[in-house]
Amino acid sequence: MAYGKLAIILTCAGCCAVIGAQAAPAPAATDMRQVFAPLSLPDAPNRYNSGSGLPGPDYWQNRADYMIHARIDTSTHVLSGEETLTYTNNSPDSLDTLWLQLDQNIYRPHSRAGFANPERHPHTTESMVIDSVAIMRHGHEIPLPPRISDTRMQLVLPDMALTHGQKVRIRIRWHYTVPGPWGGRTAVTPARDGEMYEIAQWYPRMCVYDSHRGWDTLPYLGQEFYLEYGDFDYSVTVPWNFTVVGSGALLNPGDVLTRTERARLAQAARSDRTVMIRTAHDVTDPTSHAARTGEKTWRFHMENTRDVSFAASPAFLWDAARIDLPPVHPAPGRKPVPRLAISVYPREGSGPQAWDRSTEYVKHAIEYFSNQWFPYPWPNAVNVGGHGAGMEYPGIVFDGWEDQNDTLFWITTHELGHDWFPMIVGSNERRDAFMDEGFNTFIDAYASRHFNHGEYAPKHDAEFAPLTGRPADDIIAVLKDPKAPPLMTPAELVPEEYRHPVTYFKSAYGLMLLREQILGPERFDTAFRRYIQAWAYHHPTPSDFFRLMESEAGEDLGWFWRGWYFENDWPDYGISGLSHVNNDARQGTQVRIRTKGRLMLPVTLRLEYVDGTHLDQVIPTESWHLTNTVTATFPGGPAVDRVILDPDHILPDPDRSDNIRRLK
């Protein structure tokens, strides 16, 4: 209950006009000239990336389209493949070489990843063997000798340079041994009813050529990716009793599924509840397959994506439900079809609070993120209960069959949230991981609040508020740790012990503070949706994000970017004085607040009266431009019991011992 509007009077050392209590000298520890100094962002605006944070008038992006045929030899665990890559140069530059990524080479002996992260690579393989590379011209193949350096492959174009607007077609044949469970993100894992193949980073993939660095050829050390967009048509040949799920849409269900399976899928496309496509009985029944011997080829298509992955196994139970979004064309010339939330998992993963609920979680994540931020663009969304790598790819994610309860909900929601960051908004997660993991963790926290009336709220796991579930408390140890890297630290230089606390948690909580304490949900949501829409299927930098949020929200946020992203600053407010004006509550109340911190977040000041009522007012960031001490004068009212700073425990203030004062 409010008795009137708060009058805030700023006081500073050396000021002549002071109303109310005498200002205390400003603590020397906080130099406001540094806190609020103009911030120079890493990337200057130009004709490609504008000062508003939007793509500039001459923004360009190259393109990579793939046709891939792969086969798994289950007796040797060897995947062999052939791809035809069509690369389009939309840049203003002439390219005489191409660079591709060979991520499987992290498993070769003496790889850079093996030295950088030896704990992740206890075993080795022969890595990706390139059988042949050729450029396609007029129906003929002209061999190209590849130059392979660790996880990169360079191709020198013969007697030509690829100029603006030109395309080149490259045919590559390769094979590699799929790692066992120790492969992590791409692995073959035993289950009760057969092996489960989770296939990722499985084909030679184009590096990105952009206006910031030219070819971005950071070696793959086991972290994340930076990829070009294009259309994919890919097929997978496996034994007759395998079920395959993959990114995009299955184009040949009549060739690989039984009539019963197709009927169940049609039922799922009309159902908000989970429908079993392959049951536990089907897994052990050979007659439940479309064939009894030999092999089957499963064909998939996905448009405007940066990558594709798939999973294959004879052990998969399979269920699905409709996603409440408009139908989409699965491929050019095909009729629109309903979209499905899909889960596959071994029998040992089933259970009423385990993978039986996975599709419910998938459906919620896709629908919630679509309605709240940006529509999901692709045909289906698949959750794989397998090795448990907790890894995301466009339209398909790999989680652990042993996950259940809140753990399964949180990991499913998080991995599917990556369909927005960085699958739709294609930031360079290999360099700027906070734009990937942190942005995703931020939207995950709100998804936890939204699901089933908060069944799994608040989000409280290794990614966000891991100790108590209260982010304002749990982040303090990170902010005050002198070894903790700032968010703008290059991803490969963030030690593993700080990857979740900084890249995930701090980044997500920063956006939460920006939304709830600085801008407010309406301004933040409008700006954040604009960011997603403007950079969908493009490559934004941190500078683009910072500029766009300022421009769209109408706020100079340099002080916040500096304190939270470039440094590890925190707020530290305290009450240094409380009195009635002339010792008379009817004349008003004065509260003196001081700061010892360097992050001047807006802070709520609550005056509690002896009659049980209270008055809240916000001390804005601008109050601290010229001073370390603020005096707030409240209008007259009942006698005051006490005053509290940040009464709802929202801000990461490490010293709350001086946040409450009673009137003597």
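Remember, predicted model here, so these are calculated numbers, not experimental data.
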Query raised in the report: Going by distance alone, is a donor N or O of one side chain under 3.5 Å from an acceptor N or O of the other, for His77 and Glu195?
Result: yes
Requested in this report: Check whether the side chains of Arg112 and Thr151 place a donor and an acceptor atom closer than 3.5 Å, and report yes or no.
Outcome: no
**Report entry** Close side-chain approach of Thr76 to Thr177, heavy-atom, < 4.5 Å
**Finding:** no
Query raised in the report: Which atom pair, heavy atoms only, marks the closest approach of Pro394 to Ser247?
Result: O-OG, 2.7 Å
Report task. Test side-chain contact (heavy atoms from CB on, under 4.5 Å) on Glu437 and Glu224 and set out the steps. Result -> CA-CA 10 Å; Glu437 299 294 357; Glu224 306 287 2; 3.0 Å; yes
Query raised in the report: Does Thr74 reach the side chain of Phe242, with side-chain heavy atoms less than 4.5 Å apart?
Result: yes
Query raised in the report: Do Asp319 and Tyr345 meet the criterion of a side-chain donor-acceptor pair at a distance under 3.5 Å?
Result: yes
Report task. Please work out which of the three classes, parallel, tilted or perpendicular, describes the rings of His289 and Trp240, given edges at 30° and 60°. Result -> perpendicular
Query raised in the report: Side-chain contact, heavy-atom cut-off 4.5 Å: Ile443 with Phe421?
Result: yes
Report task. Measure centre to centre between the rings of Phe300 and Phe232, then say whether the value is under 6.0 Å. Result -> no
Report task. Kindly indicate whether the side chain of Ser288, heavy atoms from C-beta on, has any atom under 4.5 Å from the side chain of Arg278. Result -> yes
Query raised in the report: Do other residues, nucleotides or ligands put more than 12 heavy atoms under 6.0 Å from Arg137 CZ?
Result: yes
Query raised in the report: Which of these passes side chain to side chain contact (heavy atoms under 4.5 Å, CB included) with Val238: Val256, Asp73, Val244, Thr243?
Result: Val244
Query - Closest heavy-atom pair and its distance - Gly395, Met302 - result: N-CE, 4.1 Å
Report task. Might you work through the salt bridge (Lys or Arg N to Asp or Glu O under 4.0 Å) test for Arg499 and Glu496, ending with a clear yes or no? Result -> CA-CA 5 Å; Arg499 191 166 61 88; Glu496 182 63 26; 3.1 Å; yes
**Report entry** Residue of the set Trp202, Tyr393, Phe316 for which ring pair (Phe, Tyr, Trp, His ring centres under 6.0 Å) holds with Phe310
**Finding:** Trp202
Report summary line: Contacts of Arg306 meeting salt bridge (charged side-chain N to carboxylate O under 4.0 Å, His left out) (sequence neighbours excluded), chain-then-number -> Glu429
Query raised in the report: With the threshold set at 4.0 Å, does a side-chain nitrogen-carboxylate oxygen contact exist between Lys363 and Asp324?
Result: no
Query - Beyond-backbone contact of Glu348 with Trp401, side-chain heavy atoms, under 4.5 angstrom - result: yes
Report task. State whether a side-chain donor-acceptor pair under 3.5 Å links Asp436 with His418. Result -> yes
Query raised in the report: Has Arg273 got more than 12 heavy atoms of other residues, nucleotides or ligands less than 6.0 Å from its CZ?
Result: no
Query raised in the report: Where is the tightest heavy-atom contact between Gln201 and Gln104, given as atom of each residue plus distance?
Result: O-NE2, 3.1 Å
Query - Full working for side-chain contact (heavy atoms from CB on, under 4.5 Å) between Asn105 and Ile148 - result: CA-CA 10 Å; Asn105 285 1; Ile148 297 175; 3.9 Å; yes
Report task. Identify the two heavy atoms, one from Pro314 and one from Val283, that lie closest to each other, and give their separation to 0.1 Å. Result -> O-CG1, 3.7 Å
Query raised in the report: Going by the angle between their ring planes, with limits at 30° and 60°, are Tyr504 and His500 parallel, tilted or perpendicular?
Result: parallel
Query raised in the report: Can you check whether Thr186 reaches Asp103 side chain to side chain, under 4.5 Å on heavy atoms?
Result: no
Requested in this report: If a pair satisfies ring pair (Phe, Tyr, Trp, His ring centres under 6.0 Å) and one of its residues is in residues 155-191, list it, with sequence neighbours excluded.
Outcome: Tyr107-Trp182, His123-Trp182
Query raised in the report: So which of His301, His69, Arg71 actually passes side chain to side chain donor-acceptor pair (under 3.5 Å) with Ser235?
Result: His69
**Report entry** Heavy-atom check, side chain of Leu100 versus side chain of Met206, under 4.5 Å
**Finding:** yes
Query raised in the report: Out of curiosity, Arg185 CZ to Met391 CE, how far, rounded to the nearest 0.5 Å?
Result: 4.0 Å
Query raised in the report: Where do Ala365 and Trp420 come nearest, in terms of heavy atoms and distance?
Result: O-CH2, 4.5 Å
**Report entry** Asn89 versus Ser91, side-chain donor and acceptor atoms under 3.5 Å
**Finding:** yes
Requested in this report: Check whether the side chains of Asp444 and His414 place a donor and an acceptor atom closer than 3.5 Å, and report yes or no.
Outcome: yes
Query raised in the report: Do any N or O atoms from the side chain of Ser343 and from the backbone of Thr359 form a donor-acceptor pair under 3.5 angstrom?
Result: yes
Report task. Flag the pair Arg431 and Asp210 as a salt bridge only when some basic side-chain nitrogen lies within less than 4.0 angstrom of an acidic carboxylate oxygen. Result -> no
Query raised in the report: Does the salt bridge (Lys or Arg N to Asp or Glu O under 4.0 Å) test come out yes or no for Arg299 and Asp233, once each step is laid out?
Result: CA-CA 8 Å; Arg299 184 184 172 197; Asp233 195 287; 2.9 Å; yes
Query - Criterion side-chain contact (heavy atoms from CB on, under 4.5 Å) on Thr274 and Asp356, from CA distance to verdict - result: CA-CA 8 Å; Thr274 300; Asp356 291 8; over 6 Å; no
**Report entry** Tyr203 and Asp307 side chains, donor-acceptor separation under 3.5 Å
**Finding:** yes
Query raised in the report: Hey, are the side chains of Arg357 and Phe409 touching, using non-hydrogen atoms and a 4.5 Å cut-off?
Result: no
Query raised in the report: In chain order, what residues pass the side-chain contact (heavy atoms from CB on, under 4.5 Å) check against Pro190, with sequence neighbours excluded?
Result: Pro181
Report task. Mind checking side-chain contact (heavy atoms from CB on, under 4.5 Å) for Val133 and listing every partner two or more places apart, or none if nothing turns up? Result -> Ile130, Leu144, Pro146, Met153, Leu155, Ile170, Ile172
Query raised in the report: Do the charged groups of Lys167 and Asp65 touch, with an N to O distance under 4.0 Å?
Result: no
Query - Heavy-atom closest contact (Thr97 atom, Trp215 atom, distance) - result: O-CZ2, 3.3 Å
Query raised in the report: In terms of ring plane angle, is the pair Tyr376 and Trp378 parallel, tilted or perpendicular, where the classes change at 30° and 60°?
Result: perpendicular
Query raised in the report: Does NZ or CZ of Arg205 lie under 6.0 Å from the centre of the six-membered ring of Phe225, at an angle within 45° of the ring axis?
Result: yes
**Report entry** Neighbour count above 12 (heavy atom, 6.0 Å) for Arg322 CZ
**Finding:** yes
Query raised in the report: Around atom CZ of Arg259, are there more than 12 heavy atoms of other residues, nucleotides or ligands at under 6.0 Å?
Result: no
Query raised in the report: Cut-off 3.5 Å, side chains only: do Thr297 and Thr237 have a donor facing an acceptor?
Result: yes
**Report entry** With sequence neighbours excluded, residues passing side-chain contact (heavy atoms from CB on, under 4.5 Å) with Ala315
**Finding:** Ala191, Asp193, Ser313
Query raised in the report: side-chain contact (heavy atoms from CB on, under 4.5 Å) with Glu82: which residues, sequence neighbours excluded?
Result: Arg171, Arg173
Requested in this report: Would you please test Tyr361 and Asn383 for side-chain contact (heavy atoms from CB on, under 4.5 Å) and show each step?
Outcome: CA-CA 9 Å; Tyr361 304 154; Asn383 194 15; over 6 Å; no
Requested in this report: Verify whether one side chain among His539 and Glu228 offers a donor that lies under 3.5 Å from an acceptor in the other.
Outcome: yes
Query raised in the report: Which distance, rounded to the nearest 0.5 Å, do you find between the CG of Leu340 and the CD1 of Ile342?
Result: 5.0 Å
